[in-house]
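Predicted, not measured: the structure shown is a model, and the values here were computed from it. One-based numbering along the sequence shown.
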Amino acid sequence: MNCERCRTSVSALLDGELPEAPESEVDAHLETCAACRAFQAEAGALTRNLRVRAVAPTPDLAGAVLAAAERPRRTRGVLRGALALTAVAQMLLALGQLSGLIGMHGHAAHGGPGMAAHLFNESTAWNLALGVGLLWAAWRDRTAAGVLPVLSAFVAALAGFSVHDLVIGAATVERVASHALLLVGLGLLFAVHRTGGGDPADADRTAADGPHAADDTSSAPRAPQGPPHLRPTAHREAA
């Protein structure tokens with residue numbers, strides 16, 4: 001075997017291709033030819049340099065990344081706790097209205113004639129419902145997006161009516177100030193919604209609660225998972 005054929009075969013083997021000569025003949029020639037051995041070593045080093053690059057030293061950012069990921073979770077927990085407290089306060093306000101401790105003059109006002117008593121009952125029901133909604137959003141913060149538009153519309157309309165009633169003297173400052181809980185709740189609800197809302201584990205538990213979550217045998221075709229298999233572009237026969 002001449003050196004040119006040997007070197008061509010060595011290059012093919014390094015590239016994962018079929019050599020011109022059998023590998024046994026190439027190995028036998030390399031044992032007797034120092035020039036071809038030098039070519040094999042140089043070509044092997046060049047191939048490694050082209051395919052493999054030395055890893056540049058980088059700082060260890062694991063601690064900083066984990067700390068940055070933990071801060072939003074702590075912040076979300078604080079916001080959810082504050083939202084829950086606001087919801088409880090809103091529900092206590094509604095219960096105070098229901099018992100006659102806040103608002104109209106006790107139980108007699110609830111049973112009095114006219115539209116005023118009915119409107120007061122509607123206000124009590126709304127306050128209680130909004131408190132329950134805020135509490136639910138604090139517990140399952142993924143539902144904050146659903147409560148947010150309802151509370152936003154209610155607060156916007158209530159703000160306009162409150163200003164009008166204050167101007168004409170139909171409501172007292174104390175009565176209007178009792179709506180501040182709704183403003184606080186709206187701000188906290190928006191903050192909870194902006195922080196992402198919920199852990200992945202919550203979504204898993206919600207899916208597991210479904211009656212057909214464990215035995216879903218739908219026959220609908222499924223999209224392929226991941227990219228198609230990439231077949232090799234070169235083959236090399238074993239010696």
Engineer: Output side-chain donor-acceptor pairs under 3.5 Å for residues 149-173, partner residues at least two apart or in another chain, one line each.
Structural biologist:
residue	atom	partner	partner atom	Å
S152	OG	L148	O	2.7
S162	OG	L158	O	2.7
T172	OG1	R175	N	3.2

Engineer: To the nearest 0.5 Å, how far apart are OG in S24 and NE2 in H29?
Structural biologist: 13.5 Å
Engineer: Can you tell me how far CG of N127 sits from CE of M91, rounded to the nearest 0.5 angstrom?
Structural biologist: 11.5 Å
Engineer: What is the ring orientation for F190 with H193, classed by angle as parallel under 30°, tilted 30 to 60°, or perpendicular over 60°?
Structural biologist: tilted
Engineer: Please name the pair of heavy atoms, one in E20 and one in R5, separated by the smallest distance, quoted to 0.1 Å.
Structural biologist: O-NH2, 3.3 Å
Engineer: Using the side chain to side chain contact (heavy atoms under 4.5 Å, CB included) criterion, which residues pair with A82? Sequence neighbours excluded.
Structural biologist: L188
Engineer: Among residues at least two apart in sequence or on other chains, which ones pass side chain to side chain contact (heavy atoms under 4.5 Å, CB included) with A41?
Structural biologist: none
Engineer: How many angstroms lie between atom CZ of R80 and atom OG1 of T195, to the nearest 0.5 angstrom?
Structural biologist: 9.0 Å
Engineer: Find the distance between CD (E31) and SG (C36) and round it off to the nearest 0.5 Å.
Structural biologist: 12.5 Å
Engineer: Over all heavy atoms of both residues, which pair between A144 and A137 is shortest? Give the atoms and the distance, please.
Structural biologist: CA-CB, 4.1 Å
Engineer: Between the side chain of R76 and the main-chain N/O of V192, is any donor-acceptor distance below 3.5 Å?
Structural biologist: no
Engineer: Does L183 share a hydrophobic cluster with W126, counting links as ILVMFWY side-chain heavy atoms below 4.5 Å and allowing steps through other members?
Structural biologist: yes
Engineer: Report the distance from atom CG of L182 to atom CG of L189, rounding to the nearest 0.5 Å.
Structural biologist: 11.5 Å
Engineer: Over all heavy atoms of both residues, which pair between A21 and S9 is shortest? Give the atoms and the distance, please.
Structural biologist: N-OG, 3.3 Å
Engineer: Tell me, with the steps shown, if C3 and C33 meet side-chain contact (heavy atoms from CB on, under 4.5 Å).
Structural biologist: CA-CA 8 Å; C3 291; C33 182; 3.6 Å; yes
Engineer: Hey, could you give me the CG/CG distance between L83 and L186, rounded to the nearest 0.5 Å?
Structural biologist: 10.5 Å
Engineer: Identify the two heavy atoms, one from L134 and one from A87, that lie closest to each other, and give their separation to 0.1 Å.
Structural biologist: CB-CB, 3.5 Å
Engineer: Could you check whether any side-chain N or O of R7 sits under 3.5 Å from a backbone N or O of F39, counting only pairs where one atom can act as donor and the other as acceptor?
Structural biologist: no
Engineer: Who passes side chain to side chain contact (heavy atoms under 4.5 Å, CB included) against R37, sequence neighbours left out?
Structural biologist: L30, A34
Engineer: Closest approach of G44 and L14, non-hydrogen atoms and distance?
Structural biologist: N-CD1, 3.8 Å
Engineer: Which atom pair, heavy atoms only, marks the closest approach of A138 to A84?
Structural biologist: CB-N, 3.7 Å
Engineer: When hydrophobic residues are tied together by side-chain contacts of less than 4.5 Å, even through go-betweens, does V184 share a cluster with L85?
Structural biologist: no
